[in-house]
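Within every chain, numbering begins at 1; the chains are lettered A, B, ... in the order of the sequence lines, protein sequences first and strands thereafter. The figures here come from the full heavy-atom set of this structure, side chains too, leaving out hydrogens, waters and symmetry mates.
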Amino acid sequence: MAVKSVIEAVREAMWEEMHRDEQVFVMGEDVGWRGGVFLATQGFIEEFGPERVIDTPLAEASIMGIALGASFRGMRPIPEVEFADFLWPAVNQLIGEAARVCYGSDGNLNAPVTIRIPYGGGIRGGLFHSQNVEAYFFHTPGLKVVAPATPYDAKGLLKSAIRDNNPVVFLEHKKTYRLVRGDVPEEDYVLPIGKAEVKRPGQNITVVSYGLMVHYCLEAAELLAAEGVAQVEVVDLRTLKPLDTETVLESVKKTGKLLIVHEDNITGGVGSEIAALAADQAFDYLDAPIGRVCGPDVPTMPFAQTLEDAYMPNTQKIAQALRNLAAY
Amino acid sequence: MAVKSVIEAVREAMWEEMHRDEQVFVMGEDVGWRGGVFLATQGFIEEFGPERVIDTPLAEASIMGIALGASFRGMRPIPEVEFADFLWPAVNQLIGEAARVCYGSDGNLNAPVTIRIPYGGGIRGGLFHSQNVEAYFFHTPGLKVVAPATPYDAKGLLKSAIRDNNPVVFLEHKKTYRLVRGDVPEEDYVLPIGKAEVKRPGQNITVVSYGLMVHYCLEAAELLAAEGVAQVEVVDLRTLKPLDTETVLESVKKTGKLLIVHEDNITGGVGSEIAALAADQAFDYLDAPIGRVCGPDVPTMPFAQTLEDAYMPNTQKIAQALRNLAAY
Amino acid sequence: MTQLTNQTDGHADGIAADISRQLPQGITPEDLVDFYRRMVTIRTIDERIWMMNRQGKVPIAASGQGHEAAQLGSLLAAEKDGNCFFFPYYRDLSIKMGVGLTPTQVMLSFMGKEGDPYSNARQFPLQGADLEHNVIQTSNVVAAQLTQAVGYALACKMQGDDKVIFVYFGDGASSQGETHEAMNFAGVHKLPVIFICENNAYAISVPQRMQMAIGDVANRAEGYGFPGLIVDGLDLLASYEACREAINHARREGPVMLEMKLERLMPHTTDDDDSRYRPKEEIEAVRGRDPVAAFSNFMLEQGYLTEEQQEEIRAQARRAVNEATDAAEAALPPDASNLHNHVYAP
Amino acid sequence: MTQLTNQTDGHADGIAADISRQLPQGITPEDLVDFYRRMVTIRTIDERIWMMNRQGKVPIAASGQGHEAAQLGSLLAAEKDGNCFFFPYYRDLSIKMGVGLTPTQVMLSFMGKEGDPYSNARQFPLQGADLEHNVIQTSNVVAAQLTQAVGYALACKMQGDDKVIFVYFGDGASSQGETHEAMNFAGVHKLPVIFICENNAYAISVPQRMQMAIGDVANRAEGYGFPGLIVDGLDLLASYEACREAINHARREGPVMLEMKLERLMPHTTDDDDSRYRPKEEIEAVRGRDPVAAFSNFMLEQGYLTEEQQEEIRAQARRAVNEATDAAEAALPPDASNLHNHVYAP
Ligand SMILES: Cc1ncc(C[n+]2csc(CCOP(=O)(O)OP(=O)(O)O)c2C)c(N)n1
Ligand SMILES: Cc1ncc(C[n+]2csc(CCOP(=O)(O)OP(=O)(O)O)c2C)c(N)n1
Ligand SMILES: [Mg+2]
Ligand SMILES: [Mg+2]
C-alpha cells in the first residue's frame with residue numbers, strides 16, 4: 001500500500017471510476033485545464049477529453065441542475081462546487097429537486113449524482129472560504145451525506161458515492177487535503193455508505209466526530225490515555241446520512257459518557273441529533289451530561305489568525321472537555 | 001379586543017408598521033393587486049401605492065437580494081416568499097449574504113429585512129407546497145427566526161421583526177392562517193423576539209413546540225389532564241432563534257420529562273437541539289428519555305390525503321407519546 | 001433559421017390567427033383529425049377537473065385552457081420527428097395527456113388516487129415522471145425544469161443519441177436566474193434544446209410589463225448565441241411548423257427559443273380569482289381568442305370535419321371523461337404504508 | 001444614448017488603445033495628474049502585496065493589475081458627478097483605494113490586522129463595507145453584489161435621492177442567475193444603475209468561449225430593455241467618458257451596461273498558476289496591454305507630466321507603500337475576544 005494524501009485519494013477515486021464506467025463524468029468551474037482549484041481533477045482533461053471534463057460557466061445552480069438532468073438519462077455526473085460557501089445558488093436543484101426526485105416520482109426516476117464540495121476551515125479562508133455546510137444536507141431526506149477523514153475512507157467512500165443511485169453530497173475537508181496522509185490500497189475497493197468506524201477503541205468515554213476533527217479527537221484521546229485519565233473511544237461517523245446510529249449507540253451504552261465534536265457551529269449542527277438520539281435511546285446508560293465541542297455560533301470563521309484560532313475546536317479544547325467528562 | 005385570524009394579524013401588523021414608518025415596504029410575487037396569494041397584503045397597493053407595494057418579477061434570489069440592498073440604505077423591506085418551498089433560490093442572499101452582513105463588516109452595516117415565509121403542511125399542498133424550512137435558518141448564526149402559533153403572537157412578533165435591525169425569518173404556518181383565531185388588542189403592541197411562552201402550566205411533563213403544533217400539544221395536554229394521567233406544561237418557543245433556553249430548561253428542571261413536537265422531519269430538526277441542550281444542561285433533572293414527535297424523514301408531505309395524514313403529527317400521536325413518558 | 005427582428009409590443013392584439021391555409025408539409029388530414037380529437041378530449045377533461053374542484057373532489061388544478069394549440073403543435077412536430085423528449089411545466093396538460101395518458105390516469109392523478117402514473121399521488125397532479133412517454137417534470141418549482149432539460153440533452157449528446165429536448169416554461173419563469181443559466185449553457189454547448197416560452201402575459205397576477213422591460217422574451221435568445229422566434233401559440237399549425245423547423249435547427253446547430261404568444265383563459269389555478277387583478281374587459285376579450293374554437297372552425301371551414309363529426313368527437317370525449325371520472329372516484333388513495341417508500345433508490 | 005451594434009468577436013485584439021486625443025469636457029490637467037498619482041500608488045501597492053504574499057505575510061490577494069484604467073475612469077466620472085455609490089467586487093482595488101483609503105489601511109486589511117476599515121480582518125482583504133467612502137462589498141461570492149446594488153438604487157429612489165449606483169462584475173459573473181435577475185429588475189423599474197462588466201476574458205481558468213456563446217456581454221442589455229456599450233477598459237479617459245454619459249443616462253432613463261474590455265495581467269489570485277491554462281504567448285501578449293503604462297505614456301506624450309515628475313510620483317508611491325507596510329507589519333491582528341462581536345446588530 002502506498003501512502004497518499006486525501007486529495008490524491010479523491011483524484012484516484014474519480015480517475016478509476018471514469019475508467020471503469022463511461023457514464024461517469026466531472027463538471028464544474030475550472031475542473032478542466034486548471035485541474036480544479038484544489039487540483040482534484042489534475043490531468044483529467046488530458047486523459048478523458050473536454051466532453052467528460054467540463055469547464056462550466058460560473059453558475060452553480062446550472063452546475064447542479066445540469067448534472068441532475070444528465071443523471072435522469074443514466075449518466076453519473078460528479079459536479080464540483082468550488083468551495084462550500086458558493087453552493088447556495090445550487091441548493092434549489094439539490095435540496096429542492098434532487099433530494100425529492102425518487103420520492104416525488106414514486107421511484108420512477110432517480111438521480112445518481114455525486115456532488116463534491118470542499119468545505120471547512122483552518123486555512124485562513126475567512127468568512128467565505130471556510131464554511132461548514134453539512135447540517136443543511138443532514139436534515140434533508142433523500143440526500144446521502146458523506147464526510148470522510150482519511151485518504152482510505154475518502155477513496156472507498158467516493159467510489160461508493162459514484163456508484164450509488166442517489167444524490168450524494170460528498171464533503172471534503174479542505175484542511176485534510178494535503179495535511180492528512182495514509183495508506184491507500186492499489187486495488188479497487190469500496191466502503192459502505194452509512195457505516196461509522198471506531199477509529200480508536202476505549203471503555204470510558206465515547207467521542208463522536210467526522211472530518212478533520214476526527215484527527216484532533218484521536219490526539220486528545222492519546223493525551224488522556226497518556227495522562228491516565230480515561231480510555232476514550234473515537235467513533236468516526238464517515239457518513240452523516242444515513243447515520244449509523246447503531247455504532248454510536250453501542251459505544252455510548254458501553255462507555256456511558258458521550259462527547260460530540262464538530263467544527264460546524266453548535267446550534268442545530270449534526271451533533272445535536274447525535275445528542276438527541278443518545279438522550280432518547282441510550283438514556284438509561286448515560287452517566288454524565290452529553291457534551292459538545294463545536295464551532296461557536298458566529299457566521300463562519302473570520303480571516304484574522306487570532307479569530308480563526310479562537311473559532312476552531314482543537315486538541316486542547318477537546319481534551320479539556322474529555323477531562324471534565326471523565327471527572328463527572 | 002377583537003377576535004382575529006392569524007392572517008388578519010399578519011396583515012394588520014404590516015399595515016400599521018407601514019403607516020408608522022415610511023421606510024417599511026413590501027415586495028414579492030403577487031403582493032400587489034392580487035394582495036398576496038394568501039391575501040396578507042390585501043388592500044395594500046390601494047393604500048400605499050405601487051412604490052411601497054412592489055409586485056416583483058418571478059425571481060426569488062432577486063427578491064431577497066434587492067430587499068437586502070434596500071436595507072443597506074435604511075429601508076425596512078418585508079420581502080415575501082410565496083411558499084417556503086420556493087425560497088431556495090433566495091438562500092444565497094439570505095444565508096450566504098444577509099446573515100453575515102453585520103458580522104462581516106464588523107458592525108459597519110446591518111440588514112433590517114423581515115422575510116415572510118408561509119410554510120408547513122396539512123393543507124394538501126403536496127411535496128412542493130408543504131415544506132418546513134425552519135431548521136436551515138435555525139442553524140444559521142446572524143439570522144433571527146420567528147414562528148408564532150397564535151394571532152396575538154403573530155402580530156406582536158411581526159412588528160418586532162420589522163423594527164429589528166437584523167434579518168429576521170418570519171415563518172407563518174399556512175394551516176394556522178384561517179384556522180387559528182384569537183384575541184388581538186386594538187392598540188399598538190410588540191412582543192420580544194427571543195422569549196418563549198408557557199402556554200399551559202403543568203408539573204409532570206414538559207412539551208416544547210412551535211407553530212401549528214402548539215395547538216395540537218395543548219389539545220393533547222387537555223386529553224392527559226382529562227384522563228388524569230399527567231399535568232403537561234406546554235412551552236411555545238415562538239422564537240426559534242435566538243432560542244429561549246432559559247424557559248425551556250426551567251420547565252424541564254421542574255418536570256423532569258421532556259417531549260419535543262414539530263412537524264418538520266425529525267433528523268437534524270430544531271427538536272434535536274432542544275434535546276441536546278436538555279441532555280447537557282438539565283441532565284441531572286431528567287427522569288426519562290427525551291422524546292420527540294416529529295415528521296418522518298421523507299422529503300416533505302405527499303399530496304394524497306392518506307399519506308399527508310400519515311405524515312402529520314397530531315393530537316393523538318402526541319397524547320400517546322405523553323402517556324408513554326408519564327408511564328416511564 | 002433566421003432570427004426574429006420585428007418586435008411586437010402589445011400582447012393581446014399583436015396576433016391575428018391566420019387559420020386558413022395549405023396544410024404544412026408532412027401533415028395529413030388524418031393527423032389533423034387525430035390532433036383535433038386529442039385537443040377536444042383534453043379540453044373536456046380540463047373543464048371537468050375545474051368543475052370537480054368546485055365540488056371539492058380535486059384539491060388543485062392549473063388549467064391549460066388557451067395553451068392547447070401551442071402544446072399540441074409542438075407535440076405533433078415531435079411525434080413526426082420520432083426522437084424527442086419533454087420537460088413540461090404544470091400548465092402542460094396537453095403535452096402530458098397528448099403523449100398518451102388515458103383520461104382515467106389523468107383523473108386518478110388530479111384526485112390524488114392510487115394509479116397516478118407520475119407520482120402515485122405524492123405530488124400535485126401529473127408531476128413526477130412518465131418515462132414511458134418520455135416526459136419528466138420533477139416539481140412545480142417555476143423554472144426548475146430548464147437546467148434539467150439542458151442536462152438531459154447533454155447526456156443524450158454524450159451517449160450519441162440525437163434526441164431533441166423540448167422544455168416548456170411561462171413568461172414569469174423567464175425571470176428566474178436558472179432560466180438564464182440554462183440557456184447560457186445550452187448556447188455554449190450548442191445542445192439540441194428547444195426552449196418553448198408559453199407567454200400568456202401573466203405570472204399569476206403579475207403582468208408582463210412588471211415582469212420584464214421588453215415586449216418579447218424571444219429577444220433574449222440572441223444574448224445566448226442562438227435564434228429566438230415569435231410564434232402564434234393560438235394556432236396549432238403555426239406552432240407545429242415553428243417546432244418542426246426548430247427540431248431541424250436544434251439537431252444541426254443547437255438551441256432555439258420559441259416564444260408562443262397565447263392566452264390564459266382561466267384564472268391561474270382553481271385557487272385563484274383573476275378578477276382581483278385582471279380587467280373585466282380583458283378577461284372577456286381573451287375568451288374570444290380560444291385556440292380550441294379556432295381549430296374547430298379551421299377543421300370545419302377546411303372541410304376536414306363536419307359539424308356532426310365534431311359533435312360526435314365531443315360526445316366521445318364526454319363519455320370518456322365521464323367514465324374516467326367514475327373510475328377515479330371509485331379508486332382509493334395510496335395506502336398510508338406507502339409514506340416511507342422510495343425515499344432512496346435501491 | 002445609443003446602443004452598441006457592431007460586435008467584436010475576438011478579445012485581445014479587438015481594441016486599439018487610442019490614447020492621443022483632446023481632453024474630454026470637464027476634465028482638467030490637474031484631474032489627470034491626480035488620477036495618475038492614484039493609479040501609480042495603487043499599482044505600487046498591488047505589486048507589493050503580491051510580493052508579500054510570496055513572503056508569507058499576505059495570505060491571499062486578487063491583483064487588480066490591468067483593471068486600473070477602467071475602475072479609475074469610472075471613479076473619475078463618479079467624483080465629477082458627486083452623488084454616486086459603489087458596489088465593487090474583489091478585483092476592484094482601484095475603486096476601494098481610489099475613493100480615499102490610505103496605503104496603511106489597505107495593508108492592514110491585506111495582512112489581516114486590526115484597523116482594516118472594511119471588516120476589521122474578519123474577511124478577505126477589503127470586503128465588508130466602507131460607508132465613509134460610499135462603498136459596500138459584503139462578500140466575495142461572485143455576482144452577489146448585483147441584486148444588492150439594484151436594491152440600494154431602489155431605496156435611493158424611494159427616498160428621493162437621485163444617486164447613481166455603480167456595480168462592478170467580471171465576465172464570469174455574467175453567467176450567474178442573479179446577474180440576470182438584477183438586470184431584469186433594474187430594467188423593469190428603470191433604476192439608475194450602471195452595470196460595469198470588467199471583461200478580462202477569463203474566470204479563473206475558464207475562457208470566455210466556455211462561459212458564453214457570444215462575443216460581447218453588452219449585447220445582453222437589450223434583453224433587459226436598456227442600452228449596453230463596449231468600452232476600451234484599458235483607457236482611463238475612454239472609461240471616464242463612457243461612465244459620464246452613463247451617469248446622465250442612468251439618472252434620466254435608467255440602467256446602462258458598460259462592458260469594459262480589459263486584461264488580467266496577473267494570475268487569478270496569489271493562489272493561482274495561470275500557466276496551467278493560459279498559453280505562454282498570450283500571457284506575454286497581454287503584458288504589452290498594460291493600462292498603467294498606457295496612461296503613463298499618454299501623460300508624457302501630451303505633456304501633462306515629465307519623466308522626472310513621473311519618477312517623483314513613483315518614488316512617493318514607493319515611500320508611502322513602504323511606510324504602510326512597516327506600519328501594517330507592526331500592527332496586531334484583532335484580539336481573539338472579538339470573535340463573538342457583531343453577530344447581531346443592536
Ligand atoms: C420558484 C417558484 N416561485 C413561485 C412559485 C409560485 N407560482 C406558481 S406559478 C407562478 C406564476 C408562473 O407564471 P408563468 O411562468 O408565466 O406561467 P403561467 O402560470 O402563466 O403559465 C408562481 C409565481 C413557484 N411555483 N415556484
Ligand atoms: C458563487 C461563486 N462561485 C465561485 C467562486 C470562486 N471564484 C472566485 S473568482 C472566480 C472567477 C470570477 O471570474 P470573473 O467574474 O470573470 O472575474 P475576474 O476574476 O476575472 O475579474 C471564481 C470562479 C466564487 N467566489 N463565488
Ligand atoms: Mg404566464
Ligand atoms: Mg474575468
Side-chain angles (χ1 to χ4, degrees), chain A residues 60-61 85-97 99-104 126-128 131 135-142 241 243 258 260 264-284 286 288-292 296-300 302, chain B residues 60-61 85-97 99-104 126-128 131 135-142 241 243 258 260 264-284 286 288-292 296-300 302:
Chain A
E60 284 78 6
D85 315 64
F86 308 141
L87 74 81
W88 299 114
V91 296
N92 185 45
Q93 290 291 334
L94 182 52
I95 295 179
E97 299 286 312
R100 304 185 218 188
V101 161
C102 186
Y103 194 72
L127 287 194
F128 288 92
Q131 200 172 359
Y136 301 98
F137 305 120
F138 178 66
H139 179 59
T140 308
K241 192 176 193 72
L243 189 66
L258 172 59
I260 304 148
D264 195 9
N265 63 289
I266 187 164
T267 294
V270 172
S272 61
E273 180 65 32
I274 315 276
L277 276 170
D280 180 10
Q281 293 173 39
F283 180 74
D284 290 328
L286 287 174
I290 298 173
R292 284 183 287 169
D297 282 323
V298 305
T300 318
Chain B
E60 284 78 6
D85 315 64
F86 308 141
L87 73 82
W88 299 115
V91 297
N92 185 45
Q93 289 292 333
L94 181 53
I95 296 179
E97 298 287 310
R100 303 184 220 189
V101 161
C102 185
Y103 194 72
L127 287 193
F128 288 93
Q131 201 172 359
Y136 301 98
F137 305 120
F138 179 67
H139 180 60
T140 307
K241 193 176 192 72
L243 190 65
L258 173 59
I260 303 148
D264 195 9
N265 62 289
I266 187 164
T267 295
V270 171
S272 61
E273 181 65 32
I274 315 275
L277 276 171
D280 181 9
Q281 294 174 39
F283 180 74
D284 290 328
L286 287 174
I290 299 173
R292 285 183 285 168
D297 281 323
V298 305
T300 319

Would you say that [X] contacts [Y] through its side chain, given a criterion of any heavy-atom pair below 4.5 Å between the two side chains?
X         : Y         : answer
Thr267(A) : Phe138(B) : yes
Asp264(B) : His139(A) : yes
Asn92(B)  : Glu60(A)  : no

With a 4.5 angstrom heavy-atom cut-off, could you sort out which part of [X] is near chain B: side chain, backbone, both or neither?
X         : result
Leu286(A) : both
Phe86(A)  : neither
Ala278(A) : neither
Val270(A) : neither

Worksheet entry | Side chain / backbone / both / neither for Ala90(B) at chain A, heavy atoms under 4.5 Å | neither
Worksheet, complete the sentence: Assert top hit (heavy-atom pairs under 4.5 Å, partner chain B, pool Gln281(A), Arg100(A), Gln131(A)) equals Arg100(A)
Discussion item. Just so I understand: if I count every heavy-atom pair under 4.5 Å between each of Ala276(A), Ala275(A), Ala99(A), Cys102(A) and chain B, which residue has the most?
Written reply: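 Looking at each option in turn, the highest pair count goes to Ala276(A).
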Worksheet item: Would Thr140(A) and Tyr136(B) count as having a side-chain donor-acceptor pair, cut-off 3.5 Å?
Response: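 Yes, side-chain donor-acceptor contact under 3.5 Å.
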Practice prompt. Please report the shortest heavy-atom distance between Thr300(A) and Tyr103(B), naming the atom on each side.
Written response: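 Here Thr300(A) and Tyr103(B) meet closest at O-CE2, 4.2 Å.
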Fill in: Closest non-hydrogen atom pair, Gly104(A) against Leu127(B)
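For Gly104(A) and Leu127(B), the tightest heavy-atom pair comes out as CA-CD1, 3.4 Å.
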Worksheet item: Rounded to the nearest 0.5 Å, what separation is found between the CG atom of Leu258(A) and the CG atom of Asp280(B)?
Response: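 Between Leu258(A) CG and Asp280(B) CG, I get 10.5 Å after rounding to 0.5 Å.
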